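In what follows, chains are A, B, ... by sequence order, proteins preceding strands, each numbered from 1. Because the structure is predicted, anything quoted here is derived from the model rather than measured.
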Amino acid sequence: MYKLLKTDGNAKRGELTTVHGTIQTPVFMNVGTVAAIKGAVSTEDLVQIKTQVQLSNTYHLHVRPGDHIIKQLGGLHKFMVWDKPILTDSGGFQVFSLAGLRKIKEEGVYFSSHIDGRKIFMGPEESMQIQSNLASTIAMAFDECPSSKLDRAYLQDSVDRTTRWLQRCKDEMKRLNSLEETINKKQMLFGINQGAIFKDIRIEHAKKISEFDLDGYAIGGLAVGESHEEMYHVIEETVPYLPKDKPTYLMGVGTPANILEAVERGVDFFDCVYPSRNGRHGHLYTNQGKINLFNAKFELDSRPIEEGCQCPTCTRYSRAYIRHLLKAKEMLGMRLCVLHNLYFYNTMMEEIRNALDAGDFTSYKKQKIQGMTENT
RNA sequence: GGAUGGAUUCCCGAGUGGCCAAAGGGGACAGACUGUAAAUCUGCUGCAGAUUGCUUCGGAGGUUCGAAUCCUCCUCCAUCCA
């Protein structure tokens, strides 16, 4: 159940109540694709760094350890010891990222496993069954995330197919949620808008999926090669055609600035691998921009990553020490960096919510973006 | 004291007359990454007034049109014999 608490222009401040608790939005979902946030981050850590929702992946957990195993162990929440909301992505992004290892048909997608090459078929029904076995809080509809380089004709076909798949997802989820053996009978379903940067395809698709009466609506297929301006434009054009009384989720995005721009345009859910992956690679987010701790200039820097930051990393460790850990390839280095970056993102979302509550989002956004671009 | 094998660019290490500023690896330095095939990948690593010039392969001489590569002596290292 989504409740719109306040608006500021197009920006929305809301909350989504689920069987696993209430999510305050706008929110950033911390990405743990294989039921783990890479970089040795525990669920206890996640609580400490203000994580509200975790994201896991249908395709990856189906391949390993197998959704039936997770179901037998009581579902994803019990498996990974996390009682707050979990959103599972449907496998649709793997249609994009594993482009060399799959074939798309009307019935679904044939993958060659990236682990051992075995054939895997995933259609809308399979994706829903897997997500039901995982018993996530929110399931994503199975879509095709198309490359931004594809032509209009292909995009139209692809989007039409994604709409047909959405109907099948909805029907299958309804069936699964009514089964006695289903762990989470109140699993939510979010649909996904596609259309690359073709405005009319996006809008037509947004209108169509809005008729499905889903729990939320995502904008997918962005940040896959198009410019920031094109992305912001698509969001601006599409959001007005999605239900205002439902949460809007911009999939896979993005940089802190991307998020601020998208919140302003009415988005309330985000996820991105940036804070975790960049953390592992030594790129740290600060209010003065991004720094690369591998750089020699931090060799003797005894300051924390960010002065005043209350994260578990900055309250103890210096840039010089973390740089040493990273260069020595010690796991602790990556862990400390990922913790800081996720804390930075989660804290920024908290600030965004506070600013929306206080009615001064516009000035908050302006000052935040300005600070981050000053030194870079 | 004798015998043999070695000494190569920051490190390890290939190269035994020209295609060698010198393979490959490591390290160093820098960059990329947006619903995670990512603890990954890419670039760069003698100097400069930089599509050319200069200096480099333990040291000093020599042979040759041309030497990291061949010869002589020297220094140091390793192993073995006294």
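- Put simply, A:Gln94 has a side-chain N or O that comes within less than 4.0 Å of OP1 or OP2 on B:A37.
- Map A:Tyr249 and A:Gly39 each onto its nearest nucleotide of RNA chain B; the residue landing nearer the 5' end is A:Tyr249.
- The aromatic ring of A:His281 stacks onto the base of B:U40, its centre lying under 5.5 Å from the centre of the six-membered base ring with the two planes under 30° apart.
- Not a single donor-acceptor contact under 3.5 angstrom links the side-chain atoms of A:Gln131 to the base of B:G35.
- For A:Lys327, taking side-chain heavy atoms from C-beta onward, the closest of the listed nucleotides B:C29, B:C33, B:G27 is B:C29.
- A:Asn287 and A:Lys368 are linked by a side-chain donor-acceptor pair at a separation below 3.5 angstrom, with hydrogens and angles left out of the test.
- Between A:Ser97 and B:A37 there is a side-chain polar atom (N or O) within less than 4.0 angstrom of OP1 or OP2.
- Checking B:G35, B:C33, B:U36 against every side-chain atom of A:Lys38, the shortest atom distance belongs to B:U36.
- Between A:Asn292 and B:A30, a side-chain N or O to OP1/OP2 separation shorter than 4.0 Å is absent.
- Considering only the side chain of A:Ala296, B:A30 comes nearest among B:G35, B:C33, B:A30.
- A donor-acceptor pair shorter than 3.5 Å can be found between the side chains of A:His62 and A:Asp67.
- OP1 or OP2 of B:C29 lies within a sub-4.0 Å distance of a side-chain N or O belonging to A:Arg323.
- Side-chain proximity of A:Met334 to the nucleotides B:C33, B:U36, B:A39 is greatest for B:A39.
- Applying the 4.0 Å criterion to OP1 and OP2 of B:A32, one finds that A:Lys290 has every side-chain N and O outside that range.
- Between A:Tyr345 and A:Tyr285, a ring centre-to-centre spacing shorter than 6.0 Å is recorded.
- Listed pair A:Asn295 / B:G31 meets the phosphate criterion, a side-chain N or O lying under 4.0 Å from OP1 or OP2.
- A donor-acceptor contact under 3.5 Å is not formed by the side chain of A:Arg280 with the base of B:A39.
- The side chain of A:Met331 lies closest to B:A39 when the candidates are B:A38, B:A39, B:G35.
- A centroid separation of less than 6.0 Å is found between the aromatic rings of A:Phe111 and A:Tyr59.
- Side-chain atoms of A:His228 and base atoms of B:U34 include a donor and an acceptor less than 3.5 Å apart.
- Using a 4.0 Å heavy-atom distance criterion, A:Gly32 is classed as making no nucleic acid contact.
- With A:Phe298 as the aromatic partner, A:Arg323 does not meet the cation-pi criteria of under 6.0 angstrom to the ring centre and within 45 degrees of the ring axis.
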